[in-house]
Amino acid sequence: MKTFAGVCLFSTSLILSTFAVAQPEGGLLRLDSDGDGRVSRDEFQLPERHRKGRGMTRADQDGDGMITRDEMLAAVGEAGTERSERMVSRFDTADSDGNGVLTPQEMADGAFSRLDGDGDGYVTEEEARQMHEQRRARHQDRDRKSGGNEA
């Protein structure tokens with residue numbers, strides 16, 4: 001159960017990129033190919049480990065490289081009602097064409113949008129740092145509530 005819950009958490013995090021996914025080794029600005037101090041959507045890409053990670057493989061039950069709403073629901077099924085509702089909402093937001101399937105492009109676009117806190121079409125180091133801190137706080141809160149027993 002702990003392993004499954006861990007896989008679910010990893011899968012949903014990966015699917016919706018709620019965290020510092022844009023932080024490759026060396027920081028976000030490593031993706032800044034034009035040197036303007038910020039990362040545009042064209043420059044942004046999910047790190048390889050987030051595109052083809054173990055959680056992605058488990059969530060993508062049919063192995064087609066996309067996550068359906070049913071696959072996501074199966075992956076978060078045991079995550080708890082509040083977390084499941086949040087993940088469903090995030091999935092629906094990332095599913096830009098509303099077809100119930102997240103493509104790799106939609107996953108990357110969703111990650112970028114969540115990182116682009118002010119919606120200006122660019123992610124700064126500060127925006128990525130803020131997202132990372134929010135994620136850390138959520139994980140600490142979750143661990144505190146569960147007594148640190150989650151996988």
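Along the sequence shown, residues carry numbers from 1.
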Applying salt bridge (charged side-chain N to carboxylate O under 4.0 Å, His left out), can you list everything that pairs with Asp116, at least two apart in sequence or on another chain?
none

CG of Leu73 to CD1 of Ile67: how many Å apart, nearest 0.5 Å?
11.5 Å

Say you draw a straight line from CD of Glu125 to CZ of Arg129; how long is it, rounded to the nearest 0.5 Å?
5.0 Å

Please answer whether the main-chain N or O of Ala108 pairs with a side-chain N or O of Gln45 as donor and acceptor at a distance below 3.5 Å.
no

Keeping the roles fixed (side chain from Asp32, backbone from Gly37), state whether a donor-acceptor pair exists under 3.5 Å.
yes

Restricting to side chain to side chain donor-acceptor pair (under 3.5 Å), what partner residues turn up for Ser89, sequence neighbours left out?
none

Could you walk me through whether Glu43 and Asp34 pass side-chain contact (heavy atoms from CB on, under 4.5 Å), step by step?
CA-CA 9 Å; Glu43 293 170 315; Asp34 64 9; 3.2 Å; yes

Between Val123 and Phe112 the two heavy atoms that sit nearest each other are CG2-CE1, 3.4 Å

Output all residues satisfying side chain to side chain donor-acceptor pair (under 3.5 Å) with Arg136, sequence neighbours left out; order by chain, then residue number.
His132, Glu133

Can you tell me how far the OG1 atom of Thr103 sits from the CG atom of Asp97, to the nearest 0.5 Å?
7.0 Å

Can you name the residues that form a side chain to side chain donor-acceptor pair (under 3.5 Å) with Gln140, not counting sequence neighbours?
none

Please round to the nearest 0.5 Å and tell me the distance separating atom CD of Glu71 and atom CG of Asp62.
4.5 Å

Under the rule for salt bridge (charged side-chain N to carboxylate O under 4.0 Å, His left out), what residues qualify as partners of Asp141, not counting sequence neighbours?
Arg144, Lys145

With sequence neighbours left out, what residues match Asp42 under side chain to side chain contact (heavy atoms under 4.5 Å, CB included)?
Ser40

Donor-acceptor under 3.5 Å (Asp95 side chain, Leu102 main chain)
no

Whether the side chain of Gln130 engages the backbone of Glu127 through a donor-acceptor N/O pair (distance < 3.5 Å, no angle test) should be reported.
no

Gln134: which residues meet the side chain to side chain contact (heavy atoms under 4.5 Å, CB included) condition with it, sequence neighbours left out?
Met131, Arg138

What is the minimum heavy-atom distance between Phe44 and Leu31, and which atoms define it?
CD1-CD1, 4.3 Å

Can you name the residues that form a salt bridge (charged side-chain N to carboxylate O under 4.0 Å, His left out) with Asp120, not counting sequence neighbours?
none

With Asp36 via side chain to side chain donor-acceptor pair (under 3.5 Å) - residues at least two apart
Arg38

Nearest-0.5 Å distance that lies between atom CZ in Arg41 and atom CG in Leu115
10.5 Å

Taking Asp60 for the side chain and Asp64 for the main chain, is one N or O donor matched with an acceptor at less than 3.5 Å?
yes

Minimum heavy-atom separation for Glu106 to Ala94, with atom names?
CB-O, 3.6 Å

